[in-house]
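Worth knowing before you read on, the calculation uses all heavy atoms, side chains too, and leaves out hydrogens, waters and symmetry mates.
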Number of protein chains: 2
Amino acid sequence: MDKSPSPGVLDMPQEAPLIQDPKSLVDSYPVVPITVDCVIFGFDENELKVLLIRSDLEVFEGKWSLLGDVVHDTEELDEAAYRVLRQRTGMEDVFLEQVKTFGSPNRHPGGRVVTVAYCSLLNVLHHQLKILDNELHWHAVNQLCDMAFDHKDIIDECYSWLQKRIQEHPLAFNLLPEKFSLRQLQNLYEAILGVSLDRRNFRKKFFSMDFLIDIEEYEEDVPHRPGKLYKFNFEKYEQNKRKWFGIDF
Amino acid sequence: MDKSPSPGVLDMPQEAPLIQDPKSLVDSYPVVPITVDCVIFGFDENELKVLLIRSDLEVFEGKWSLLGDVVHDTEELDEAAYRVLRQRTGMEDVFLEQVKTFGSPNRHPGGRVVTVAYCSLLNVLHHQLKILDNELHWHAVNQLCDMAFDHKDIIDECYSWLQKRIQEHPLAFNLLPEKFSLRQLQNLYEAILGVSLDRRNFRKKFFSMDFLIDIEEYEEDVPHRPGKLYKFNFEKYEQNKRKWFGIDF
DNA sequence: GCAAAAGTGTTGTCCTTACACCCATGC
DNA sequence: GCATGGGTGTAAGGACAACACTTTTGC
């Protein structure tokens, strides 16, 4: 019920005096710790997975938790998220995007902690987990329970974000191996969106986009006719970024 | 370059010991102030506007700034944003949504301050500004300059967010008076999206959605044939929320 | 009667959907 | 040779884009 201005001041021309010392202003603000939490999606065995560790808080004993850490003093928020990802999985060069900030006063049992959720997609097989502390594990997104903190809410938000995002940008390719079959691609879309799609139309759609490179290789060791393998043409996609218009609600 | 766990602990079965006192863990974290900033868009004289005040910091003398304030100790982030809006404009019952969090270490001259940007849309005429301190004013979005802090970046992000959002959800109606002509609606879309649209197709589009209520009234005091006025059927829209699918990039 | 903007339909194109049969491989 | 999934084409319907003339009002 107050307005923000006016510690260390000094009268000035017009109406309100200007604040000369921003530092003492900021020092008067209440403070809280800021963390980042990474929701890292992967795809394996035709299921969308998310990377979790066991919480190391006793109050959450046995519950699963997102990968997160405090943001350091001089660190960008994005940097902090990349650092967590690197430290926990050993991976670099991964797509990572801010999704939403969660700051309920009681979301952390140790006092208020505001967390910025980042979402990341990576390929379970290509990116072997290099560090396995706290039982770092992939969990099927559809079978989550007993999460620590508000991490279930965070995952739900990120999952919705992903469903939407993957229809506007070809993020899905970050979840697949470098070479993939169209069936794998379709399985991925079906898993993420929770729908089933017509195989022929799906192919037409992707071929007409013209972002797939036919590498003239085939699946091996499959008990049926092997499918062709493709790579995604990231370069071409970057050039043709969509000029987007269409009112549609 | 460290991992997060392990102040006040005590050895335990398996590998890592569990933390029994979350409070002392959180107390060990570095802390920063959290603020919210509101990017309040309005529409007037066929221009998209944003609500700004003069910065009250001397280092930003003469520059414009978003409406913002510190988040109180026991306050939800959303609540804080609504409070700012209420205190600065006198308005309640306005659409408000979290857009993105900005936390560069040097974005505030008084020390690190992390801010959560919220976006709000309201109707310039309907919602008269009740409080006019710090030269609270509407500014054309296309003519911003000399903003304090990183507020120009924040507005840019929110503007992009709005352009996208308004094509998926009928947010635009929050910017118009209760009764509006189709021309007003089209002007609004053209202003926000920065394109010009075919009048007949625009009408067809909106009539076919069937969310406009014909109230059998007409414009008055216009020097040409008066247009029909409509209301937006928020209720019907809520019921028919879009089931959305279409890969499209 | 003139200026200014409202109102109105049709057509072609493209995109989306639905749908069924043959093919290549492993066993 | 059979089971499994890969690969392919077409037709109908719906959405979108382009486009010009008549109507109503104030002055």
Side-chain angles (χ1 to χ4, degrees), chain A residues 45-47 166-168 170 176-177 179-191 193-231 240 242-249, chain B residues 45-47 166-168 170 176-177 179-191 193-231 240 242-249:
Chain A
E45 295 172 10
N46 286 347
E47 266 192 323
I166 206 172
Q167 294 180 68
E168 293 167 6
L176 291 174
K179 305 171 180 185
F180 53 87
S181 67
L182 271 174
R183 167 52 55 184
Q184 282 175 285
L185 183 59
Q186 183 173 343
N187 284 343
L188 174 55
Y189 271 88
E190 291 182 339
L193 299 174
V195 295
S196 65
L197 304 169
D198 180 273
R199 201 166 83 256
R200 282 168 293 191
N201 294 334
F202 186 84
R203 302 178 142 260
K204 259 181 294 181
K205 183 87 192 174
F206 275 87
F207 286 133
S208 74
M209 287 178 190
D210 209 25
F211 293 134
L212 298 179
I213 303 169
D214 182 344
I215 56 172
E216 302 287 344
E217 292 180 41
Y218 292 84
E219 290 176 302
E220 286 171 25
D221 299 319
V222 289
H224 55 79
R225 172 173 175 179
K228 269 198 167 180
L229 297 178
Y230 300 86
K231 290 185 185 180
N240 295 27
R242 169 160 198 231
K243 41 197 173 322
W244 181 55
F245 177 71
I247 300 165
D248 207 3
F249 47 84
Chain B
E45 294 172 9
N46 285 348
E47 265 192 323
I166 206 172
Q167 294 179 69
E168 294 167 5
L176 291 174
K179 305 171 179 183
F180 53 87
S181 67
L182 271 175
R183 166 54 53 184
Q184 283 175 285
L185 183 60
Q186 184 172 342
N187 285 343
L188 174 55
Y189 271 87
E190 292 182 339
L193 299 174
V195 295
S196 66
L197 303 169
D198 180 273
R199 202 166 80 254
R200 281 167 293 189
N201 293 336
F202 185 85
R203 301 177 143 261
K204 257 182 293 182
K205 183 84 191 175
F206 275 87
F207 286 132
S208 74
M209 286 177 190
D210 211 24
F211 293 135
L212 297 179
I213 303 169
D214 181 343
I215 56 172
E216 303 285 345
E217 292 181 41
Y218 292 85
E219 289 177 303
E220 285 171 25
D221 297 319
V222 288
H224 57 78
R225 174 172 174 179
K228 267 199 170 182
L229 298 178
Y230 300 86
K231 291 184 185 181
N240 295 28
R242 169 161 197 230
K243 43 201 169 317
W244 182 55
F245 178 70
I247 300 165
D248 207 4
F249 46 84

A.B. asks: Rounded off to whole Å, could you give me the CD-to-P distance for the A/Glu219 and D/dG6 pair?
C.D. replies: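 Answer to the nearest Å: 7 Å.
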
A.B. asks: Quick one: which of C/dT17, D/dC16, D/dC19 gets closest to the side chain of A/Asn201?
C.D. replies: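 The answer is C/dT17, which lies nearest to the side chain.
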
A.B. asks: Between the side-chain atoms of A/Lys204 and the base atoms of C/dT17, is any donor-acceptor pair under 3.5 Å?
C.D. replies: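 Counting by modelled atom types and ignoring angles, a donor-acceptor contact under 3.5 Å is found here.
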
A.B. asks: Measure CG/B/Leu197 against C1'/D/dA18 and give the value in whole Å, please.
C.D. replies: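 The answer, rounded to whole Å, is 14 Å.
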
A.B. asks: What distance separates B/Asp214 CG from B/Lys231 NZ, expressed to the nearest 0.5 Å?
C.D. replies: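 It is 11.5 Å, given to the nearest 0.5 Å.
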
A.B. asks: So which one's nearest nucleotide on DNA chain C is more toward 5', A/Arg199 or B/Phe207?
C.D. replies: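 Going by which nucleotide is closer to the 5' end, it is B/Phe207.
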
A.B. asks: Run the side-chain donor-acceptor check on residues 197-207 of chain A: report pairs under 3.5 Å with partners two or more places apart or on a different chain.
C.D. replies:
{"residue": "A/Asp198", "atom": "OD1", "partner": "A/Arg200", "partner atom": "N", "Å": "3.0"}
{"residue": "A/Asp198", "atom": "OD1", "partner": "A/Asn201", "partner atom": "N", "Å": "2.8"}
{"residue": "A/Asp198", "atom": "OD1", "partner": "A/Asn201", "partner atom": "ND2", "Å": "3.4"}
{"residue": "A/Asn201", "atom": "OD1", "partner": "A/Lys204", "partner atom": "NZ", "Å": "3.2"}
{"residue": "A/Lys205", "atom": "NZ", "partner": "B/Ile247", "partner atom": "O", "Å": "3.0"}

A.B. asks: Answer yes when B/Glu217 and B/Lys228 have at least one side-chain N-carboxylate O distance shorter than 4.0 Å, and no when they do not.
C.D. replies: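 Salt bridge: no.
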
A.B. asks: For B/Tyr230 and B/Phe180, take the angle between the two ring planes, folded into 0 to 90°, and tell me which bin it lands in: parallel under 30, tilted 30 to 60, perpendicular over 60.
C.D. replies: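 Answer is tilted, since the angle falls between 30° and 60°.
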
A.B. asks: Quick one: CG on A/Leu212 to CG on A/Leu229, what's the gap to the nearest 0.5 Å?
C.D. replies: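 Going from CG on A/Leu212 over to CG on A/Leu229, the span is 11.5 Å.
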
A.B. asks: All N/O contacts under 3.5 Å from nucleotides 24-26 of chain C to the protein, with atom names and distances to one decimal?
C.D. replies:
none

A.B. asks: Specify the separation, in whole Å, of atom CD of A/Glu220 and atom P of D/dG6.
C.D. replies: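 Nearest whole value for this atom pair: 16 Å.
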
A.B. asks: Could you tell me whether the phosphate oxygens of D/dG7, OP1 or OP2, come under 4.0 Å of any side-chain nitrogen or oxygen in A/Lys228?
C.D. replies: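 Checking D/dG7 against A/Lys228, no side-chain N or O comes under 4.0 Å of OP1 or OP2.
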
A.B. asks: Over how many whole Å does the gap from B/Met209 atom CE to D/dC16 atom C1' extend?
C.D. replies: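 The distance from CE of B/Met209 to C1' of D/dC16 comes to 12 Å, rounded to the nearest Å.
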
A.B. asks: Supply the atom-to-atom distance B/Leu176 CG to B/Leu185 CG, rounded to the nearest 0.5 angstrom.
C.D. replies: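 Answer for the CG-CG pair, B/Leu176 versus B/Leu185, is 6.0 Å.
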
A.B. asks: Among C/dT17, C/dG7, D/dC19, find the nucleotide with the atom closest to the side chain of B/Asp198.
C.D. replies: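 In terms of side-chain proximity for B/Asp198, the closest of C/dT17, C/dG7, D/dC19 is D/dC19.
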
A.B. asks: Would you give the length of the straight line joining atom CD of B/Gln184 to atom CD of B/Glu219, rounded to the nearest 0.5 angstrom?
C.D. replies: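 CD of B/Glu219 is found 6.5 Å from CD of B/Gln184.
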
A.B. asks: Distance check: side-chain N/O of B/Arg183 vs OP1/OP2 of C/dA5, anything under 4.0 Å?
C.D. replies: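 No, because none of the side-chain N or O atoms of B/Arg183 sits under 4.0 Å from OP1 or OP2 of C/dA5.
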
A.B. asks: Quickly work out the A/Phe202 CZ to D/dT8 C1' distance and round it to whole Å.
C.D. replies: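 So the two atoms are 16 Å apart, to the nearest Å.
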
A.B. asks: Take atom NZ of B/Lys205 and atom C1' of D/dG14, then tell me their distance rounded to the nearest Å.
C.D. replies: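 Spelled out: NZ on B/Lys205 to C1' on D/dG14 is 11 Å.
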
A.B. asks: Can you tell me the distance, in whole Å, between the CG atom of B/Leu229 and the C1' atom of C/dG7?
C.D. replies: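 Those two atoms, CG and C1', are 14 Å apart.
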
A.B. asks: Does a distance-only test, which skips hydrogens and angles, find a donor-acceptor pair under 3.5 Å between the side chain of A/Arg200 and the base of C/dA20?
C.D. replies: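 Side chain to base: pair found, below 3.5 Å.
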
A.B. asks: Would you mind reading off the distance between A/Ile247 atom CD1 and D/dA15 atom P, rounded to a whole angstrom?
C.D. replies: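 It is 15 Å, rounded to the nearest whole Å.
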
